[in-house]
Amino acid sequence: MLHHEYTTKEVFRNNFFKDWRKEMTLEERLLITHLDKCDFTEIHRYFVDKAAARKALPKEEKQKLKEEAAKLQQEFGYCILDGHREKIGNFKMEPPGLFCGRGEHPKMGMVKRRVLSEDVVINCSRDAVPGPPVGHQWREVCSDTTVTWLAAWTENIQNRTKYIALNPSSKLKGEKDRQKYEVARRLGGLVDEIRAQYQAAWEAPEVKTRQRAVALYFIDKLALRAGHEKEDKTADTVGCCSLRVEHVRLHARAAGRQHVVELDFLGKDSVRYHQLVSVEEPVFRNLQLFMKNKKPRDSLFDRLTTSSLNKHLQHLMHGLTAKVFRTYNASVTLQEQLQVLTRATDSQADKVLAYSRANRAVAILCNHQRATPRSFETSMQALRRKIEAKEAQVAEAQEELQRAMASPRTGGDSKSRRLLQQRQQRLQRLSGQLARARAQATAKDENKQVALGTSKLNYLDPRISIAWMWLMSCRCRRFGVPVEKVYSRAQRERFAWALQEGDEHFQF
DNA sequence: GTCATGACTTAGCAGCAGGCCT
DNA sequence: AGGCCTGCTGCTAAGTCATGAC
């Protein structure tokens with residue numbers, strides 16, 4: 001891990017050293033007393049060399065390694081569930097290493113220990129129990145048909161259970177995924193009513209009811225997560241219900257808008273959420289009330305928990321929980337944006353671009369961010385150079401056109417007329433290329449910190465995309481959008497349930 | 001209501017395979 | 001054909017939510 005930023009952090013180094021010392025012999029413990037004095041470069045070089053050697057392997061050797069990996073996958077990567085051979089998601093155990101929590105995690109650097117078969121519970125039919133490694137045993141073997149995991153163990157850092165589970169391509173996962181979207185669609189039929197209800201509740205006599213109504217408004221309008229209380233010993237992150245006074249600033253007026261709420265907090269994975277949103281006057285007034293006489297570290301919604309909120313939601317609609325709002329609003333946004341942004345007569349490239357823009361609108365709504373890719377600056381520079389070159393070409397073409405027009409013979413013989421026309425076409429073509437390159441640069445820049453994958457995989461009902469592709473291809477055969485342009489191989493397998501349904505008139 | 005636990009979904013990142021350009 | 005990017009996939013952390021004991 002020497003190349004990683006983690007190793008420069010005090011918490012990481014202290015945690016690692018403390019755990020490392022536990023593994024030392026008495027002698028070692030007496031000798032090795034300061035991490036700063038330890039030099040790992042030889043060990044590091046050993047691994048760097050090993051990686052280089054692997055990379056330098058001749059073609060045939062690499063092919064052999066690949067085949068061996070495929071064999072392993074065939075042998076251990078599948079299970080039989082209800083008579084169907086299904087792919088397993090994570091069939092390899094997590095190797096030991098140093099814990100890398102996200103954000104300011106107090107446990108970063110702790111030693112994650114190797115998992116032995118003696119730690120692992122196997123869940124399968126009695127006649128299908130896989131043999132443990134030679135000389136070892138399973139911790140336990142069970143045949144619990146009420147759960148979906150195949151094996152489980154407890155990791156030593158946070159003491160949480162980890163599972164071996166099926167791949168998303170499996171029938172089981174697909175059916176669950178479909179159910180999730182069906183619940184979100186049911187919310188669609190009820191959402192106007194629910195919105196009217198929580199708006200009315202902004203004026204409720206009980207503070208508790210008002211808090212719930214404002215929280216629900218945030219969850220609906222801003223697509224916030226539920227945000228339950230977390231234990232200490234984790235990174236300090238929050239969601240809606242766990243927002244604190246210090247995360248909120250109220251501006252009676254900001255950027256020409258009234259009743260502006262500024263939210264600034266670290267959410268899941270310590271991703272920052274920072275937005276200024278204009279809200280209705282009662283919401284603003286309620287927030288003033290909730291913040292009154294509180295310290296910055298106090299809870300904003302002190303009378304509200306995720307559990308009480310979800311109980312309320314369950315009462316409004318069977319199966320309704322806070323996260324359903326994210327799914328609903330994400331999918332609805334995709335459907336709307338696709339309709340707004342695409343025309344049947346657009347080229348295929350434009351259609352695919354529009355799809356990614358609709359996808360981006362959702363990613364922004366859900367605050368799905370990523371670090372700017374490492375290659376970004378380089379590739380952006382290349383693009384800038386391309387734009388500059390195009391600009392020069394356009395200027396040159398313009399001059400040539402001017403010269404042709406200024407020529408005394410212009411408009412005279414047919415030859416000069418043709419030349420003029422050619423120059424005009426050339427200018428037009430180059431201008432078009434320039435515009436496209438500029439648009440590409442803008443899109444690249446706008447996308448550098450937006451992660452599209454998360455919403456695509458977890459929030460967007462695939463049937464919306466499929467119906468859209470179908471519509472685009474049917475309205476315009478020439479510029480149709482084939483599935484591969486939108487979904488990769490793994491994504492097509494994940495969404496097999498939706499592709500099979502194949503409803504071209506699907507409305508979310 | 002609170003807390004712990006278990007099960008399952010959602011999340012960003014690293015590394016690498018494979019597509020694209022020269 | 002070869003090298004360079006880009007986007008895919010695997011990995012595993014970090015959420016959500018239900019349940020049950022008190």
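Quick caveat: nothing in here was measured; it's all calculated off a predicted structure. In what follows, chains are A, B, ... by sequence order, proteins preceding strands, each numbered from 1.
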* Structure fact -> When rounded to whole Å, the CD1 to C1' distance for the pair A:I164 and B:dT9 reads 17 Å
* To do: Kindly state whether the ring of A:F76 and the ring of A:F91 have centres lying under 6.0 angstrom apart.
  => no
* Report the residues that fulfil side-chain hydrogen bond (donor to acceptor under 3.5 Å, both in side chains) with A:K233, sequence neighbours left out, ordered by chain and then residue number. => none
Each nucleotide N or O in nucleotides 3-8 of chain C that has a protein N or O under 3.5 Å away: list the pair and distance.
unit_1: C:dT6; atom_1: OP2; unit_2: A:S375; atom_2: OG; d: 3.4

* Asked: Got a sec? Which of residues 143-156 of chain A come in under 4.0 Å of DNA chain B, heavy atoms?
  -> A:V147, A:T148, A:W149
* Report which part of the nucleic acid A:K112 touches: base, sugar-phosphate, or nothing (heavy-atom distance under 4.0 Å, all strands). => sugar-phosphate
* Looking at A:R114, A:R113, A:R139, which hits side chain to side chain donor-acceptor pair (under 3.5 Å) with A:D119? -> A:R113
* Under the salt bridge (charged side-chain N to carboxylate O under 4.0 Å, His left out) rule, collect the residues that match up with A:R494, sequence neighbours excluded. => none
* Structure fact -> Taking B:dT2, B:dC13, C:dT12 as options, the one with an atom nearest any side-chain atom of A:P95 is C:dT12
* To do: Quick one: sort the A:F495 and A:W497 rings into parallel, tilted or perpendicular, breaks at 30° and 60°.
  => perpendicular
* How does each nucleotide of nucleotides 14-22 of chain C score, in 5' to 3' order, for protein heavy atoms under 4.0 Å: base (B), sugar-phosphate only (S), or none (-)? -> BBBSS----
* Calculate the interatomic distance between A:K173 atom NZ and B:dA7 atom P; express it in whole Å. => 13 Å
* Rounded to the nearest Å, what distance is computed from the CD atom of residue A:Q449 to the P atom of nucleotide B:dC13? -> 10 Å
* Whole angstrom is fine here: how far is it from NZ in A:K66 over to P in B:dG15? => 20 Å
* Structure fact -> Contacts of A:T342 meeting side-chain hydrogen bond (donor to acceptor under 3.5 Å, both in side chains) (sequence neighbours excluded), chain-then-number -> A:W468
* To do: Quick one: sort the A:Y198 and A:Y217 rings into parallel, tilted or perpendicular, breaks at 30° and 60°.
  => perpendicular
* Which comes earlier along DNA chain B counting from the 5' end, the contact point of A:K180 or that of A:H4, where each point is its nearest nucleotide? -> A:K180
* Structure fact -> Rounded to whole Å, the NE2-P distance (A:H312 to B:dG1) equals 14 Å
* To do: Look at the rings of A:Y163 and A:W149 and say which category their plane angle falls in: under 30° parallel, 30 to 60° tilted, over 60° perpendicular.
  => tilted
* Asked: Which is true for A:R326 with a 4.0 Å heavy-atom rule: it touches a base, it touches only sugar-phosphate, or it touches nothing?
  -> sugar-phosphate
* **Side chains of A:R195 and A:L216 in contact at under 4.5 Å (non-hydrogen atoms)** => no
* How do A:R370 and A:R494 order along DNA chain B: which one's closest nucleotide is nearer the 5' end? -> A:R494
* Interatomic distance, A:E5 CD vs B:dG12 C1' [rounded to whole Å] -> 15 Å
* **Test item: side-chain donor near acceptor, A:N367 and A:Q369, under 3.5 Å** => yes
* What is the distance from NZ of A:K162 to P of B:dT9, rounded to the nearest Å? -> 16 Å
* side chain to side chain donor-acceptor pair (under 3.5 Å), paired with A:T237, selected from A:R272, A:K268, A:K230 -> A:K230
* In terms of side-chain heavy atoms, does A:Y328 have a donor or acceptor partner in A:D220 at a distance below 3.5 Å? -> no
* Whole-Å distance between C:dA13 P and A:Y6 OH? -> 9 Å
* Would you mind classifying the nucleic acid contact of A:Y163 as base, sugar-phosphate or nothing, using non-hydrogen atoms under 4.0 angstrom? => base
